[in-house]
Amino acid sequence: MLQKHTVGIIGCGNVGIAGAFTLFNRDVASDIILVDKDERRAEGEAMDMMHAQAFSEPVTVRAGSYEDLKDAKVIVIAAGTGRKAGESRLDLLNRNVSIFREIVEHLDRHAPNAVLVIATNPVDIITYAIQKLSSRPDTNIIGTGTMLDTARFRAMLGQYYNVDPRNVHAFIIGEHGDSEVPVWSKASIGGLRLADREVLGKRFDRKVLDEIFEQVRYAGREVISRKGYTNTAIGVCIAQLVETIFDDQHSVLTVAVHMNGEYGIDDLCMSIPCVVGHSGIEGRILPNLNEEETEAIKYSASVLRESVESLDI
Ligand code: NAD
């Protein structure tokens, strides 16, 4: 049997709790520790989950402090704060950086060896900032990045081709945001490249497929306009990432990592397909991109570069 570990969740709002609850139902963690600046909220969430223990897998959920995270193998950061009236996006970003400076100090003191999984938006920038602020290696600081976008992409392509999304090999790289890039040249089902030929009775019609990508790109906006926030799918992505690390799965996931010259891009965080295991990022896969995709990834990097350069760190 695989060893179970402790996971910490910092920020117990919609996203943090969706991640915690998915883990609670998956039988992968021995302990889930909830940390929130609103301690009563974390306590309430922990109580609520523990009340389901008679019908769930054995796992202990409790509210805690940073000191309680000392044995955590993975710590998820989903703490967020909204924009105040009159505040610019940049002001918010820099206010967030000062919040994360404090969180990182606590984490480096109490859980220096844990792998950090970052979900807070703008996730690529926050991941970069945490990498700059923390003394742990960059490979131990992973943003969920385009993992959610890739999940949406595979789900929607699965619906279009009427096939199990788990058998759709397709990914989205770059920014988790408007400049993200669908890698059409490598998308395949059952070993057949979609761009090469008709697959499952559907030819490679870029107009139709671009419309599917537009739905992926703006999926978050669509969900938020209906329910006010997104949390379920990102919660599953968080749990999947935590489980991949716990079980040393060496799965290939599109997550936000520090770029070290890949595709000519340096010193910022964005998503590329990575091998994830026990020690965080264990490898990077760099598919050959066609000209259109190469241009697009460079543009995505330029968008992120602007924010990174305005960071107060
Ligand atoms: P929320 O407002 O429901 O929850 C945020 C929680 O963080 C609150 O409980 C708050 O008390 C807590 N918090 C704030 N500052 C804190 C601090 N210093 N220490 C500890 N806890 C603190 O927000 P949400 O809907 O859960 O969203 C959280 C973040 O996740 C946002 O940045 C959101 O944009 C992001 N998000 C990311 C993705 C993704 O794909 N990466 C998807 C959806 C949402």
Side-chain angles (χ1 to χ4, degrees), residues 8-22 33-46 48 63-69 75-84 89 92-93 95-107 110-111 116-130 133 141-153 155 172-178 180 216-242 253-257 269-271 304 307:
I9 311 272
I10 301 179
C12 302
N14 302 308
V15 171
I17 288 306
F21 188 57
T22 310
I33 300 176
L34 304 179
V35 181
D36 199 287
K37 70 168 192 211
D38 180 348
E39 287 171 28
R40 301 245 327 143
R41 179 174 191 165
E43 278 167 18
E45 294 288 2
D48 208 3
S65 62
Y66 288 98
E67 287 80 3
D68 297 316
L69 297 178
I75 297 172
V76 176
I77 301 186
T81 176
R83 228 189 279 189
K84 288 182 180 164
R89 212 181 127 266
L92 172 68
L93 192 58
R95 191 155 55 87
N96 265 326
V97 168
S98 63
I99 292 171
F100 286 109
R101 196 183 294 278
E102 203 186 312
I103 293 178
V104 167
E105 262 174 38
H106 287 298
L107 294 180
H110 298 291
L116 305 184
V117 165
I118 320 300
T120 302
N121 275 325
V123 67
D124 304 294
I125 309 298
I126 299 293
T127 304
Y128 177 85
I130 291 180
L133 297 169
I141 302 171
I142 309 172
T144 55
T146 56
M147 199 175 159
L148 174 59
D149 315 78
T150 294
R152 288 170 170 156
F153 194 40
I172 295 206
I173 58 175
E175 180 197 12
H176 168 61
D178 290 355
E180 65 191 25
V216 172
R217 191 199 322 240
Y218 299 120
R221 201 180 288 179
E222 291 298 316
V223 176
I224 290 168
S225 74
R226 289 163 172 81
K227 65 179 254 191
Y229 54 90
T230 66
N231 68 331
T232 309
I234 182 63
V236 172
C237 291
I238 289 170
Q240 187 68 33
L241 191 44
V242 172
L253 301 170
T254 49
V255 283
V257 288
C269 281
M270 58 156 53
S271 292
L304 289 168
S307 297

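As the structure lists them, so they are numbered: ligands from 1, and atoms in each ligand from 1.
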Could you establish whether N231 and ligand 1 come within less than 4.0 Å of each other, counting only heavy atoms on the residue side?
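No.
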
Is I103 close to ligand 1, meaning an N/O of one under 3.5 Å from an N/O of the other?
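Not met; the criterion fails.
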
Based purely on interatomic distance, does G80 place a nitrogen or oxygen under 3.5 Å from a nitrogen or oxygen of ligand 1?
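Yes, since at least one N or O of G80 sits under 3.5 Å from an N or O of ligand 1.
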
For [X], take its heavy atoms, then give the atoms of ligand 1 lying under 4.0 Å from any of them.
X    : result
T230 : 42 (C), 43 (C)
L148 : 40 (O)
I99  : 18 (N)

Would you check if [X] and [Y] make a side-chain contact, meaning some heavy-atom pair closer than 4.5 Å?
X    : Y    : result
I172 : R152 : no
H176 : D149 : yes
I224 : T230 : yes
L107 : I10  : yes

Considering non-hydrogen atoms of the protein only, which is the closest contact for [atom], and what is the distance?
atom                    : answer
atom 37 (C) of ligand 1 : A119 O, 3.0 Å
atom 25 (O) of ligand 1 : N14 ND2, 3.2 Å
atom 38 (C) of ligand 1 : N121 ND2, 3.7 Å
atom 4 (O) of ligand 1  : G13 CA, 3.2 Å
atom 20 (C) of ligand 1 : K37 N, 3.3 Å
atom 44 (C) of ligand 1 : V15 CG2, 3.4 Å
atom 9 (O) of ligand 1  : D36 OD2, 2.6 Å
atom 22 (C) of ligand 1 : A79 CB, 3.6 Å

Between [atom1] of [X] and [atom2] of [Y], what distance do you get to the nearest 0.5 Å?
X    : Y    : atom1 : atom2 : result
S271 : D124 : OG    : CG    : 5.5 Å
L34  : I17  : CG    : CD1   : 5.0 Å
R101 : I99  : CZ    : CD1   : 12.0 Å
F100 : L133 : CZ    : CG    : 10.0 Å
L116 : I103 : CG    : CD1   : 10.5 Å

Crowding at OH, Y66 (>12 non-hydrogen neighbours, <6.0 Å):
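Atom OH in Y66 is crowded, with more than 12 foreign heavy atoms closer than 6.0 Å.
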
Heavy atom under 4.0 Å from ligand 1: found in [X]'s side chain, backbone, both, or neither?
X    : result
E102 : neither
I234 : side chain
T144 : side chain
C12  : backbone
H176 : side chain

Heavy atom of protein closer than 4.0 angstrom to atom 2 (O) of ligand 1:
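No, no protein heavy atom sits under 4.0 Å from atom 2 (O) of ligand 1.
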
Taking atom types as modelled, is there a side-chain donor on S65 or D68 under 3.5 Å from an acceptor on the other?
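Looking only at side-chain atoms, D68 and S65 do form a donor-acceptor pair, the distance falling under 3.5 Å.
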
Please name the pair of heavy atoms, one in A119 and one in T144, separated by the smallest distance, quoted to 0.1 Å.
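So the minimum-distance heavy-atom pair works out to CA-OG1, 3.9 Å.
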
Between R226 and E222, is there a salt bridge with N-O shorter than 4.0 Å?
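Yes, charged N to carboxylate O under 4.0 Å.
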
Could you check which of G143, A78, G235, C237 puts a non-hydrogen atom nearest to atom 29 (C) of ligand 1?
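Checking each option, the heavy atom nearest atom 29 (C) of ligand 1 is found in A78.
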
